[in-house]
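All remarks here apply to the structure that follows.
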Amino acid sequence: MTRRSRSQMVEETRAKLIAAARVAFAEHGYANAWMDDITGSVGLTRGALYHHFGSKEKLLVAVIDQMEGELARRLQEIADAAPTPWDGFRRRCRAYLELALVPENRRIILQDARAVFGDVPQRNQDTGVASLEAALRALMEDGTVAPVHAGVAARMLYGAVTEASFWIAEPDSDPPERLAVSLDALDKLLDGLLAR
């Protein structure tokens, strides 16, 4: 029998708590997910949650970080599968909006995170902007996109798709209708970047 190291046990405990919290936040929302229910569902105590995360809010940050990492990989896969770099860029931006219809994303990232923190965590913004900026630079180099300050354009585009996603995900809205309107606006916005 292989003995686990202390760091392995710590990582396993953290992973269990993140997984349990992710399910609870998605099903009940952050405000209605109780710490004792989260810890009890994986056979741990509230003390374990405080030891590893310090607070329910920091546990939410860990869940969001995990989800954002998965979303970033998914968006990159979508872009990489496209027939051209421009089509990949366009599909990536559209997919970001479409992910607002996924119940878990809608609840945790687009509703609860904004309610708790007021905005997207800075590190997630930085990662999203950097990815868009790199793609825009490559598209300018190959002549697809007109010359523009890539950093500014990436920030503007990131802001546009992020705010549209929040709008799509608002409670008591019609997300599919809002998605359709947002996709149409996004296409027009992206068309404005093309070299003529």
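What you see below is based on every heavy atom in this structure, not just the backbone, and it leaves out hydrogens, waters and symmetry mates.
- F117 places a side-chain heavy atom less than 4.5 Å from the side chain of I64.
- Sorted by first then second residue, the ring pair (Phe, Tyr, Trp, His ring centres under 6.0 Å) pairs that include residues 132-157, not counting sequence neighbours, number zero.
- Apart from I78 itself, the hydrophobic cluster it occupies contains nothing, where clustering links Ile, Leu, Val, Met, Phe, Trp and Tyr at side-chain heavy-atom distances under 4.5 Å.
- Contact annotation: the side chain of R137 approaches that of E133 to within less than 4.5 Å [non-hydrogen atoms, C-beta and beyond].
- Under the 4.0 Å criterion applied to side-chain N and carboxylate O atoms, D174 and R178 are not assigned as salt-bridge partners.
- Contact check for L190 versus L157: side-chain heavy atoms found under the 4.5 Å cut-off.
- Of the listed residues (I108, V63, V116), just one forms a side-chain contact (heavy atoms from CB on, under 4.5 Å) with Y30, and that residue is V116.
- Taking D191 as the reference, nothing meets the salt bridge (Lys or Arg N to Asp or Glu O under 4.0 Å) condition, with sequence neighbours excluded.
- In this view, A169 and R106, L110 satisfy the side-chain contact (heavy atoms from CB on, under 4.5 Å) rule, not counting sequence neighbours.
- Considering only residues two or more places apart in sequence or on other chains, F53 meets the ring-ring contact (aromatic ring centres under 6.0 Å, His included) condition with none of them.
- Ion pairing of E163 with R114 is present here, as a side-chain N (NZ or NE/NH1/NH2) and a carboxylate O approach within less than 4.0 Å.
- Every salt bridge (Lys or Arg N to Asp or Glu O under 4.0 Å) that R90 has, sequence neighbours left out, goes to D187.
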